[in-house]
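Take a look at the structure below.
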There are 2 protein chains.
Amino acid sequence: MENTVENVRSQMRKGLLEYCILSILDKREAYASSLIEELKTAGMIVVEGTLYPLLIRQKNQGLLSYRWEESTQGPPRKYYVLTDKGREQLAQMDGAWQELVEGIQSLKRV
Amino acid sequence: MENTVENVRSQMRKGLLEYCILSILDKREAYASSLIEELKTAGMIVVEGTLYPLLIRQKNQGLLSYRWEESTQGPPRKYYVLTDKGREQLAQMDGAWQELVEGIQSLKRV
DNA sequence: TTCAATACCTTGTATCACAAAGTACCAAAA
DNA sequence: TTTTGGTACTTTGTGATACAAGGTATTGAA
């Protein structure tokens, strides 16, 4: 029941991960480990056990597709790509995110 | 398994409710129904079954205290107030929120 | 006394992030 | 050839929490 800074950040991130994944894949295709890297540089620490099921969920929803690609450094990688449906969803989420930011700003005003 | 706009918004809000409650109570004390009203005007629809347990959790963490006040319009109301610890937590959350917004902006940049 | 409005609370369910452990592939060292 | 280390994908169990739905209690007006 601690309230570390990490806990606070982790808590605030809930539900936003999905948005972040789509945003990254909108720029370029990526596989799980590279997504984790990019999320980390943006200050969002995510672990495998969180990311893999999330990617599978998004794929099952038709937001993503993937293709296998050989790697010179180990086993093959699953590269994920945004589908048309994923792009639509991302557009909706961009709007929702904007409204969320504005909503919180409005709460902050007296 | 639908992806309505409402679902998208609801999903993005997860974990941010706690932050919103503290932010509102930092401006003025409030009771549950008035919090729901203010959250609604900020575009965050919350139901009683969500809010009451959340307030109890925050109170048990020492972030909030409350006092009863008679109402002319029905049963007495539980007015919640930020404690010193709650203000500290809010300051931390302000920082975390700022970093979250910047983190997402950075993801959006190519 | 009955009803409607207001306010607080609880229970059951689904979802989701995480920790931890497991499976599989590959290349280089022993 | 076998072992080891690194990389990558997956699954299981747990805890937290948002929500739907239903319950309790107070007040004032019909």
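Chain letters run A, B, ... following the sequence lines, proteins first, then strands; residues in each count from 1. Note: hydrogens, waters and symmetry copies are ignored here, and every other heavy atom, side chains too, is used.
- Scanning for side chain to side chain contact (heavy atoms under 4.5 Å, CB included) contacts around Glu37(B) gives Lys40(B), with sequence neighbours left out.
- Annotation: salt bridge (charged side-chain N to carboxylate O under 4.0 Å, His left out) contacts of Arg67(B) (sequence neighbours excluded): Glu29(B), Glu69(B).
- With sequence neighbours excluded, the residues forming a side chain to side chain contact (heavy atoms under 4.5 Å, CB included) with Glu70(B) are Pro76(B), listed by chain and number.
- With rounding to whole Å, Leu16(B) atom CG is found 13 Å from dT17(D) atom P.
- Rounded to whole angstrom, the span from the CG atom of Leu54(B) across to the P atom of dT10(C) amounts to 14 Å.
- An OP1 or OP2 oxygen of dG15(D) is reached within less than 4.0 angstrom by no side-chain nitrogen or oxygen of Arg57(B).
- The distance between atom CG of Asn60(B) and atom C1' of dT17(D), rounded to the nearest whole Å, is 15 Å.
- Regarding Glu70(B), its CD atom lies at a distance of 12 Å from the P atom of dC8(C), rounded to whole Å.
- One can place CD1 of Ile36(B) at 12 Å from P of dA20(D), the figure rounded to the nearest angstrom.
- A ring-centre distance under 6.0 Å is found for Tyr31(B) and Tyr79(B).
- Every pair tested for side chain to side chain donor-acceptor pair (under 3.5 Å) that includes a residue from residues 46-55 of chain B fails, sequence neighbours excluded, so the list is empty.
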Give every pair of a protein N or O atom and an N or O atom of nucleotides 8-10 of chain D that lie under 3.5 Å apart, one pair per line with the distance.
residue	atom	partner	partner atom	Å
dA8(D)	OP1	Tyr31(A)	OH	3.0
dA8(D)	OP1	Arg77(A)	NE	2.7
dA8(D)	OP1	Arg77(A)	NH2	2.7
dC9(D)	OP1	Lys78(A)	N	2.6
dC9(D)	OP2	Tyr52(A)	OH	2.6
dC9(D)	N4	Glu48(A)	OE1	3.3
dT10(D)	OP1	Lys78(A)	NZ	2.6
dT10(D)	OP2	Lys78(A)	NZ	3.4

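- A straight line from CG of Leu55(A) to P of dT11(D) spans 13 Å, rounded to a whole angstrom.
- As a whole-Å value, the separation of Leu51(A) CG from dT11(D) C1' is 15 Å.
- Under the side chain to side chain contact (heavy atoms under 4.5 Å, CB included) criterion, Gln98(A) pairs with Glu102(A), not counting sequence neighbours.
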